[in-house]
Every structure is written in C-alpha cells, then in structure tokens.
Amino acid sequence: MRRIISSLLLLISFTVSSQGFNERDSTFTDTVKNIQFNYKQLIIPGILLGYGFWGIESGQIKSFNFQIRNEITENIDKKVTIDDFSRYVPAVSVYALNAFGVKGKNNIRDRSVILATSTIFTLGSVMALKSITNIERPDGTTKNSFPSGHAAIAFAGAEFLYQEYKDQSVWYGVAGYAIAAGTGLFRMYNNRHWLTDVAAGAGIGILSTKAAYWLNPYVTRKIFGEKERKSTSFLMPSYDGRQFRIAFVKSF
C-alpha cells in the first residue's frame with residue numbers, strides 16, 4: 001500500500017517546499033470523498049422501489065403496465081440488443097474519463113472498492129427478489145421479471161458517475177442517468193420487462209451505490225487494514241551559524 005507523507009516547510013524567509021504530496025493519491029482517510037447519510041437521499045430510490053413493489057399487488061398498476069407495454073411494443077419488427085451493452089456505459093465512463101485526464105472525486109483504488117461494493121449490493125438484491133417474487137416476463141418466457149437487473153446495473157453506474165464527477169460538471173451525471181433511462185426503456189421495448197420492473201431496478205441501483213459510499217470507510221479499513229491517521233505538526237528551530245530559522249512541519 002502506497003503511503004505518502006507530505007511535509008510543508010514554512011520558513012521565515014518564505015521558502016516553501018513540499019515532499020510528494022498528492023491529494024488524490026494519499027490514504028483513504030484523506031482522499032475518499034464519501035457522501036454523508038441523509039434521509040433525503042432515500043426519497044427518489046424509495047419512490048421508485050415503492051412503485052415497483054406496489055405494482056406487484058395493485059391491479060390498476062398492472063393494467064397500466066400492459067398499456068405501456070402495448071404502446072411501446074406496437075409495430076415493432078425486431079428487437080435490439082443495445083441494452084445488453086448500455087447498462088455498463090455509465091460505470092465504464094468513470095474510468096474512461098479518468099484515462100482522458102478528467103479527474104474524478106476519488107482515486108482508482110477507492111472508486112473501484114466503491115463500485116465493487118455497489119455491484120455486490122445490486123446483484124445480491126436483484127437475484128434475491130427475482131427468486132422470491134416470481135413475476136412473469138411480458139414475453140412469457142420466464143418468471144424472473146421483477147426487478148430489472150439491466151436497469152439496476154445501469155442506474156447504479158449512473159449514480160456512481162454522478163457522485164464521482166458532479167463537482168466537475170453536473171452534466172456527466174445527467175448523461176449517465178439518460179443512458180440508464182434509455183437502458184430501461186429498451187428493456188420494455190424488447191418486451192423483457194414491465195415498467196414496474198424497471199422502476200424497482202432503478203431504485204435498487206441508486207440505493208446500492210449510495211450505500212457503497214456511506215459504508216466505504218468501513219469497507220476500506222477491512223480490506224486494506226488501514227487505520228485512520230491524524231495529521232501532526234510541530235515547530236523546528238534551527239541555526240546554521242549565520243541565520244536563525246523556524247520551520248513548520250506538518251505530516252498528513
């Protein structure tokens with residue numbers, strides 16, 4: 001594990017030197033920018049999940065599902081497979097942007113831990129619910145329609161992209177969510193999912209990524225065994241026979 005100690009020497013002669021400090025590459029306690037838990041962050045994924053689960057029992061929402069399915073699939077001659085690839089685009093974009101020099105919120109190690117945690121939460125939730133609910137797909141092929149795994153992965157990636165690059169530009173997040181929404185739309189277009197499946201998948205994906213950021217300090221400590229470090233500082237006087245100096249040394 002790379003450990004970087006940065007020392008800033010402030011001399012009375014205004015000579016300033018630093019030793020290899022890079023904010024993006026220091027330990028997680030200094031650099032991982034986690035989002036703090038706030039109940040307001042649960043509103044949107046909660047609404048999406050609530051609508052999806054409500055649709056399992058509500059005859060009115062089921063009827064609306066059929067109406068939407070009929071509208072979307074009307075006059076469709078052939079299916080498209082773009083949703084099999086577009087679901088990964090938001091998450092991959094985080095690494096692509098970094099490769100092109102657009103720095104995100106966290107370094108590669110930390111964001112990879114966050115993405116892995118989010119993926120585990122997302123896939124675990126989706127697989128568990130599919131086996132419990134046994135909702136038939138619109139095309140009648142299988143009974144594992146609820147929730148949409150493609151939508152869950154896409155929206156998890158969109159939230160990941162948003163969190164990493166929202167400080168650079170909110171439009172990165174907008175683009176990620178647009179791709180995720182398109183993925184969900186194509187799942188309905190291909191007659192593979194109901195609207196409620198897509199809504200629930202979106203809620204799971206968003207919530208999983210938020211949870212990954214909330215839990216990241218604990219997960220990182222468990223994986224890398226790092227302990228939170230506090231910065232220390234002290235004054236160091238010196239005299240070379242001709243000039244008296246006082247240096248301020250701070251370690252991170």
Side-chain angles (χ1 to χ4, degrees), residues 44-53 55 61 64-97 104 111 114-130 133 135-139 141-142 144-166 169-212:
I44 293 178
I47 291 174
L48 292 170
L49 279 167
Y51 178 77
F53 279 104
I61 294 181
F64 185 62
N65 272 342
F66 278 100
Q67 293 177 28
I68 293 295
R69 192 273 304 271
N70 293 337
E71 288 289 336
I72 292 177
T73 60
E74 186 177 8
N75 300 322
I76 291 180
D77 295 325
K78 62 179 181 179
K79 296 181 180 181
V80 294
T81 59
I82 189 173
D83 46 310
D84 288 333
F85 305 98
S86 62
R87 56 178 164 168
Y88 301 117
V89 170
V92 172
S93 297
V94 173
Y95 296 91
L97 286 168
R111 73 165 63 116
I114 292 169
L115 179 60
T117 305
S118 171
T119 301
I120 292 172
F121 289 163
T122 300
L123 295 181
S125 300
V126 167
M127 293 174 64
L129 287 172
K130 281 182 178 292
T133 55
I135 303 298
E136 187 175 36
R137 291 184 182 272
D139 59 6
T141 54
T142 57
N144 61 348
S145 186
F146 184 91
S148 169
H150 283 63
I153 293 172
F155 277 90
E159 178 67 15
F160 179 51
L161 177 62
Y162 170 71
Q163 292 297 336
E164 287 296 313
Y165 284 97
K166 65 180 180 180
S169 174
V170 70
W171 291 105
Y172 289 118
V174 171
Y177 270 101
I179 293 172
T183 300
L185 182 62
F186 275 112
R187 295 306 286 166
M188 294 189 290
Y189 176 90
N190 288 328
N191 207 27
R192 294 293 289 166
H193 282 291
W194 308 101
L195 176 60
T196 46
D197 301 339
V198 172
I204 290 171
I206 295 171
L207 187 59
S208 294
T209 297
K210 288 185 181 294

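Heavy-atom basis, side chains included; hydrogens, waters and symmetry copies ignored. This chain uses plain numbering: 1 for the first residue, then up along the sequence.
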Checklist entry - So which heavy atom on Phe121 is nearest to which on Ala212, and how close? => result CE1-N, 4.2 Å
Checklist entry - Considering residues at least two apart in sequence or located in another chain, which fulfil the side-chain contact (heavy atoms from CB on, under 4.5 Å) criterion with Pro138? => result Arg69, Ser145, Asn191, Trp194
Next on the checklist: Applying side-chain hydrogen bond (donor to acceptor under 3.5 Å, both in side chains) as the test, list every pair that has at least one member in residues 115-125; sequence neighbours left out.
Outcome noted: Ser118-Thr209, Thr122-Ser208
Checklist outcome for this item: Closest heavy-atom pair, Ile179 versus Ser86, reported as atoms and distance to 0.1 Å, is CG2-O, 3.6 Å
Checklist entry - Who are the ring-ring contact (aromatic ring centres under 6.0 Å, His included) partners of Phe53, not counting sequence neighbours? => result Phe146
Checklist entry - Does a side chain donor of either Ser148 or Arg192 reach within less than 3.5 Å of an acceptor in the other side chain? => result no
Checklist outcome for this item: Looking only at heavy atoms, the pair that brings Pro90 and Gly176 closest together is CG-O, 3.8 Å
Checklist entry - Less than 4.5 Å apart, any side-chain heavy atom of Ile204 and any of Leu129? => result yes
Checklist entry - Out of Asn190, Asp84, Asp83, which one pairs with His150 under the side chain to side chain donor-acceptor pair (under 3.5 Å) rule? => result Asp84
Item to check | Non-hydrogen side-chain atoms of Leu48 and Leu207 separated by less than 4.5 Å | outcome: no
Checklist entry - In terms of the angle between their ring planes, are Tyr95 and Phe160 parallel, tilted or perpendicular, with boundaries placed at 30° and 60°? => result tilted
Next on the checklist: With heavy-atom distances below 4.5 Å as the criterion, would you say the side chains of Ile72 and Leu185 are in contact?
Outcome noted: yes
Item to check | Non-hydrogen atoms of Val126 and Ala152 that approach each other most closely | outcome: CG2-CB, 3.7 Å
Next on the checklist: Test side-chain hydrogen bond (donor to acceptor under 3.5 Å, both in side chains) on Gln67 and Glu71; report intermediate values, then the result.
Outcome noted: CA-CA 6 Å; Gln67 293 177 28; Glu71 288 289 336; over 6 Å; no
